[in-house]
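I have placed the structure first, in the form of structure tokens, so that the comments after it can refer back to it.
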Protein chains: 2
Amino acid sequence: MSNRLTIIEIAKHSGVSRSTVSRVINDDPNVNTETRERVRAVMQKLNFHPNVAARGLAAGKTRILGLVIPMGVSALFSDPYFPQLIQGISAACNQHNYSTMLWLADPEYERRMIQQIVSSGLIEGVIVASALNDDPVVEALMQRQIPFVLVGRHPTHTNLAYVDVDNRVSARDAVLYLMRLGYQRVATIAGPHNMIAGVDRLNGYKDALKTRGIAPDPNLIAEGDFSEGGGYQEMQRLLRHAPDAVFVASDAMALGAMRALREAGKRVPDDIALVGFDDMPFAAHTEPPLTTVRQPIHRAGFVATETLLALIAEGANAPRRVILPTELVIRETCGAHRASAKPTV
Amino acid sequence: MSNRLTIIEIAKHSGVSRSTVSRVINDDPNVNTETRERVRAVMQKLNFHPNVAARGLAAGKTRILGLVIPMGVSALFSDPYFPQLIQGISAACNQHNYSTMLWLADPEYERRMIQQIVSSGLIEGVIVASALNDDPVVEALMQRQIPFVLVGRHPTHTNLAYVDVDNRVSARDAVLYLMRLGYQRVATIAGPHNMIAGVDRLNGYKDALKTRGIAPDPNLIAEGDFSEGGGYQEMQRLLRHAPDAVFVASDAMALGAMRALREAGKRVPDDIALVGFDDMPFAAHTEPPLTTVRQPIHRAGFVATETLLALIAEGANAPRRVILPTELVIRETCGAHRASAKPTV
DNA sequence: TCCTTTATTGGGAGCGTTCCCAATTATATG
DNA sequence: CATATAATTGGGAACGCTCCCAATAAAGGA
């Protein structure tokens, strides 16, 4: 706080001008090698680091990115999705020498916050995680022309930059897999309809049915909220319609579903098979271990960051869309390893 | 980015000087009420927000806090502890109109990062979550005289500001509770010895033994790393020494312990009772539900933030230490509700 | 050797605020 | 009504840096 070290001090100590020091800091090639070394040494010795606010003001570059996590999905924040995402983002930031500013968009403060982000002039770009379908953050960002990338595609603005997995195809494949295992009444606990990942996965489920020429049965389709509690609740409801397998759109919900099944005295997978989505760390340790669609969350964060950086550096002609691959991780809840499993294909 | 709105534009539009606009922005009382309203209206209409970097430069106040999460505890980041903490911090920040900057202190970049934080001049103070015992972040912060508060007390620098729960007493009470339930061979899976919470809880365990005049048996003391995997592993080891109850220093480890017990064919709590620590959201949903020490993590984040803000505002004479209460949440893994439980007190 | 080109360096101006002091106006006091 | 006092306002300077252009030194070519 007090009398901070400035570029001028460094200049004095190394017998050059303020400008030269600035050049050294910014790796400008137009500096004599010897001079550069000398200045560097002084900076090191005095443990000098340029003032970010001043650089931001003078150059408009702050090396700071914003990360917005809408709190409509607050419940979600208690599952490991966001931590993993944040780790990915953070890793990329470290690598590129950027820092991250975090906003949990508490709805009450949301508007104010958006303004702050967008107008602070502090931030070079923004990553928006799991936006709701009609998220005002996205609108504000578009309006202000701040570079930003979504984690998860946007339902209506299709040409925004984003990184995502192919939720629809992944879901379809998972359901088809269950069907190949011989299950006849495959239900789903979908994600909320106001999140694109939720609807995409539901559509994938329907695609699978269609492929097999089966009409979707509303009784076999439940809508959860991606949380454990939601999965528990919806599974109880589904139970009344006797599915023999359930595609659950998140591992957290699958956890809840398993709890409901346990309480109902149903065995997994013998009575009802389950496939989850996410491959959260705990999925390998449930009883029995959960078959699930693995999505590379950490990687998504990493890639989103790099995409954003590219967007900032290259403007509109940077690559804008990345689809990351998923993988069906076959463990035990799908019953693939049972004797009684009867693959039909 | 381009031609941003500045205070001067606002001044022109409202027919006053730059200074007056600045006064309005900063709620300086020396402004005519009428003028104030007028300026406010203009700002609103033009959707003006002052440039953070400029304010930071001119006034040294940025309304930005730093949050450092040392990545030595990276594994931890996959359990809901940090999300809850972050939510608490974020809530407090929103309330006080501050923002948070997040650093996951990847060891490799740790030094560089510290410098950045500390010297960026961007940050008014720092919250350090779960510092390791010898964390260089803490040293750097002390040296640079940046206001900061720890979540979890520091082992050696006892007069640093922190918020914490009384891990030692809480652990002791939990263990005493198990003993009152009649268990004879109470073991523990402790946290890592390089984290103060780990050693405090272990000491609490030892305190309880001492109270009952029992010498600690090294065979009944395992050291985990606060992770599920660690709990699993350590429980397998403990099993060889036939404990009848285990105090597990984190819920995540308790989860792993339960998995180990399941695989070993032991029933909980009939064969071995368990008490965890944290009361993570999933603790209520394990099979059977986990008895555990609840600590108010969200609240800790909130209070830590307010403590930091006080520190920034009032300097050294702000309140510096907060101990938050814990609560033993009795569910089923402790066997309290069994017929076979035989309370001795 | 003189002139042109290139490599380095220096310094003024400006980024958008806040802070401080001086100026102006309104209000109160005798 | 004149003067002291309070309320309001304006503008210069500074915050620490980058950018741009001009200046100087070194090097190459005729």
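FYI, side chains are in, hydrogens and waters are out, and symmetry mates aren't considered; it's all heavy atoms of this structure. Proteins come first, then strands; the chains are lettered A, B, ... in the order of their sequence lines, and each starts at number 1.
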Report the residue from B:V42, B:I7, B:T6, B:I8 that forms a side chain to side chain contact (heavy atoms under 4.5 Å, CB included) with B:V21.
B:I7
Under 4.0 Å between any heavy atoms, over every strand shown, what does A:N30 touch: base, sugar-phosphate, or nothing? Just pick one.
base
Does a sphere of radius 6.0 Å around NE2 in B:H298 hold more than 12 heavy atoms from other residues, nucleotides or ligands, not counting ones at 6.0 Å or beyond?
yes
I need the CG-C1' distance between A:N51 and D:dG16, as an integer number of Å.
6 Å
B:I7 has an atom CD1; how far is it from atom C1' of D:dT9, in whole Å?
14 Å
Short side-chain N/O contact from A:T6 to OP1 or OP2 of D:dG16, under 4.0 Å
no
In whole Å, what is the span from the CZ atom of A:R55 to the C1' atom of C:dG16?
18 Å
Can you name the closest pair of heavy atoms from B:R63 and B:H96 and give their distance?
NH2-O, 2.9 Å
Given B:T305, which of B:V303, B:T307, B:L309 fulfils the side chain to side chain contact (heavy atoms under 4.5 Å, CB included) condition?
B:L309
Return the 5'-most residue of the pair A:T35, B:P50 with respect to DNA chain C, ranking by each residue's nearest nucleotide.
A:T35
Can you measure B:K61 atom NZ to D:dC15 atom C1' for me and round it to whole angstrom units?
14 Å
Interatomic distance, B:R23 CZ vs D:dG10 P [rounded to whole Å]:
8 Å
Within the pair A:S19 and D:dT18, is there a side-chain N or O less than 4.0 Å away from OP1 or OP2?
no
Give the rounded distance in Å between these two atoms: CG of B:L122 and P of D:dC15.
18 Å
Does A:N32 place a side-chain N or O at less than 4.0 Å from the phosphate oxygens OP1/OP2 of C:dT9?
no
So, is B:S22 near the phosphate of C:dC19, with a side-chain N or O under 4.0 Å from OP1 or OP2?
no
Rounded distance (Å) that lies between atom P of C:dG16 and atom CE of B:M43:
17 Å
Sub-4.5 Å side-chain heavy-atom contact between B:Y81 and B:Q295
yes
Toward the 5' end of DNA chain D, which comes first, B:G15 or B:A58, by nearest nucleotide?
B:G15
Measure the distance from CZ on B:R18 to P on C:dA22 and round it to the nearest whole Å.
17 Å
What's B:T20 touching, base or sugar-phosphate or nothing? Going by heavy atoms closer than 4.0 Å.
sugar-phosphate
